[in-house]
Structure formats: C-alpha cells, structure tokens
Amino acid sequence: MEKTWRWFGPKDKITLDMLRQIGVEGIVTALHDIPNGEIWPLDKIMELKTYIESYGLRWSVVESLPVSEAIKYGGPERDQLIENYIISLDNLGKAGVKTICYNFMPVIDWVRTDLYHPLSDGTSTLYFDKVKFAYFDCVILERKGAYQDYTPEIMEQVQQLAMTITEAEKLELIDAIIVKTQGFVNGNITEKDKQPVELFKKLLQLYDGIDKDMLRQNLVYFLSAIMPICEVHQIKMCVHPDDPPFQLLGLPRIITSAEDIEWMLKAVDNPLNGLTFCAGSLSAGLQNDVPQMAKRFANRTHFVHLRYTGATPDGNFMEVSHLNKRLIEVIRAFEYANPSLPMRVDHGRMMLGDEDKGYNAGYSFHGRMMGLCQVEGMMAVIDDEKSNL
Ligand code: DNO
C-alpha cells in the first residue's frame, strides 16, 4: 500500500521535510482553515497541492471534507450545504485530488476520555474509560435519561467517581472528550469556545427525534446527491467508521459493524461510494471480526487507517501497538486485494519528547513513526510471501 501520513498543513510542527526523510510517499490533509460548510476554492486547493508537490510528495487523500451537521440531521439548510459540498468536490476533482474521507457521526467525531494514559514503559496512549464517559454523560451533561444507557455496576462507579473527582480532573475530562479531540478535525467545538459544555448540549438537541433509520436516510440523500459529480471526476468517497463503533449520548451511529457497512454500500451501490477501513475504530467493537471484515470489504475500500485497540467486555478500550497479529491479517487482506491503496498509520503513542510538542491528540511524531516502521516491516513480509507464491 501507499505510505501516507496525516499532516495538518503548513502550520503543522511535523514538516513535509521531516516526512520525506522517514519514507512517507503521500499526504493526507485538508484545507483546515476553511470553516465547515464553506466551499473549498480551487486556487486554495491548488496552492496546497503545489506546496506538497514541491517536497516530492503527493496529496493522496483529503481527510476530511467535513459533512455539516444540518446534512446529517436533515435541517432546512441541507440542500445549500450539499450544493457547497458538490462545488468543493468539483474543485478537488479539477485539481486531481480524488480520494475523499469523511464521516457521518452526529455531533461528535471520535471519542476518548484519556489522551495520555500512562503505560508501564513510560510512554502514553489514548484510552476510553466507560465509567469516566458515563460520568461525563450523566453528571456533567446531565443528559435526560442517560443513566438508562449504563449498567447499575457502572452507575455505582460513577457515584464513587463523583465523590473523588477534582475540579481540574473534571475540566480535563471535558477537554479530552469535546475539545482536544474535536477542534482539529474541523469539529463543532474548538479551544476558543468558552462554554464547551453548553454548546455541546445545544448540538445534541439538534438530534432530538432523529433515530438510526432517519440518519441512514440522510446519508443516502447526501450520497445520492454527490454521486453525479463523483462520476464526472471519478472521485472515491470513503466514509470513516464510527469511533467507537457503538451508540453514545443517545445519538444514532450508523457505521459500526459489517451489517451497517453492507447496508451503506448496497444503499448507494456505486463503486465510488466506499469505505475508509479504519481497523482501530472497528476493533473497539466486540461485534467486529476485523480481519474478516477487511477481506469482505476490500473491493469497496479506498483508504486504510492502520492501528488496533484492545477492547474489554466492560466497555473500555485502549490503543495498542501497531505490531499486532490482527493488524497483520488486515494488511495482508489489502496487500493482496489492492496493493495500490493509500494507507496511513493512525494515532501513535506519545514517546521520546512527543509530550511537549503540542501535537494534536493522537498525532505524535515519534509514536506514529514507530508505527509506520512496524507497518512497513509487516508489509515487506507479506510482499515477500506474495512474490514466492
Ligand atoms: C481521529 C480520526 C477521525 C477521522 C475523521 C474522518 O483521529 O480517526 O477524526 O479523521 O472522523 O472524517
């Protein structure tokens, strides 16, 4: 697979020069300065593309061209927003950037409760703690009926946590769940927002009465509207699975399992309607046999995210090493089915000074570089295996 890297634009502290030195071939990025919902102008796209190419690299994938909330919940402004999306796709097509990652998760993109969960070797990793999340949901957000989504055992632990948590820890939890993990992905809430919790509550209200079926219909409406421009330029759309792949905060989530993926691929049965196969997101769902899903959906996968999680039945999960026997199976599936697919190492541990650099949550330099080395090793073994067939 093509070795790509998520880079956050010319302001990223990890420069294209550094990436070239570690063997990256393609760049995954977005016009991060353009607010969600606005048109991406052709000249801005070309400017960034030319900059990337001046380092001998290529702009392989857009991640993400974000889908505005009103498209997801079906608000009155959705047709206008879809029209803007189509113009952005047209401009990307004209510029020759033709693989587009997006997601259809309501309100909140990916979710973690701990951004620096310490490991025994001195590094740290991303973590989702169900009790802390339930505390955020029931006590901080005070979402109506939220406690019904958790077992009595979890609620008992939530009560204990409520007695011991400090104000600083509360702020850190809010910051992890709705600020640090969201702002840089063109999320709804950024570091500048003074009252993130109030803002977040308002966003949740937009989905009152929207169930799984309605969200599915809104995805089909969106995809059907954009397919004609995708046909014109042969743009490959690739939806990112829900991270984590289970229901949260009373919001419907529709890309969580093999059944969901099968449904979405059939609902708009066009090869340009495809998948970002994010092994890490899918692996956090105990329902998912990820290597088997990689084989099953390889022919509709246009982009691959490589990482893995260790999930436990009590609902917690942690991001684990990229050197992982399940991840080898995933890589094998794609190296056989479509070796020209772009793949990027997703997330990395914080290590060797990554901590002080102010990188976006999950997007360390050394940790991801180590993941890339491990993935390259696995790819080399599989390529060797293939050439001996
Ligand atoms: C987090 C990522 C997500 C992903 C978007 C794609 O690290 O996996 O933010 O990029 O959901 O739209």
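Here, residue 1 is the first one in the sequence, and each next residue gets the next number. One-based numbering, in listed order, for ligands and for the atoms of each.
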Quick one: does Asn103 get an N or O within less than 3.5 Å of an N or O on ligand 1?
yes
Using distance alone, determine whether Arg307 and ligand 1 share an N or O pair under 3.5 Å.
no
Ligand-residue contact atoms, ligand 1 with [X], heavy atoms, under 4.0 Å:
X	answer
Glu63	4 (C), 6 (C), 10 (O)
Tyr102	12 (O)
His347	1 (C), 7 (O)
Ser64	5 (C), 6 (C), 12 (O)
Tyr363	1 (C), 2 (C), 7 (O)
Met105	11 (O)

What I'd like to find out is whether the side chain of Leu219 reaches to under 4.5 Å of the side chain of Ile255, using heavy atoms alone.
yes
Between Leu272 and Met237, is there a side-chain heavy-atom distance shorter than 4.5 Å?
no
Is the shortest distance from a Lys or Arg side-chain nitrogen in Lys357 or Asp354 to a carboxylate oxygen in the other one below 4.0 Å?
no
Below 4.0 Å from ligand 1: does a non-hydrogen atom of Asp243 turn up there or not?
no
I want to check a possible cation-pi pair here: Lys180 against Tyr116, using under 6.0 Å from ring centre and within 45° of the ring axis as the test.
no
Please confirm whether Phe133 and Phe128 have ring centers closer than 6.0 angstrom.
yes
With ring centroids as reference points, do Tyr363 and His347 lie under 6.0 angstrom apart?
yes
Starting from atom 9 (O) of ligand 1, locate the nearest protein heavy atom and write down its residue, its atom name and how far away it is, to 0.1 Å.
Asp109 OD1, 2.9 Å
For atom 8 (O) of ligand 1, closest protein heavy-atom neighbour
His240 NE2, 3.3 Å
Check the pair Asp33 / Lys44 against salt bridge (Lys or Arg N to Asp or Glu O under 4.0 Å), numbers first and verdict last.
CA-CA 10 Å; Asp33 291 336; Lys44 288 266 184 295; over 6 Å; no
Hey, is CD on Gln195 packed in by over 12 heavy atoms from elsewhere, all under 6.0 Å?
no
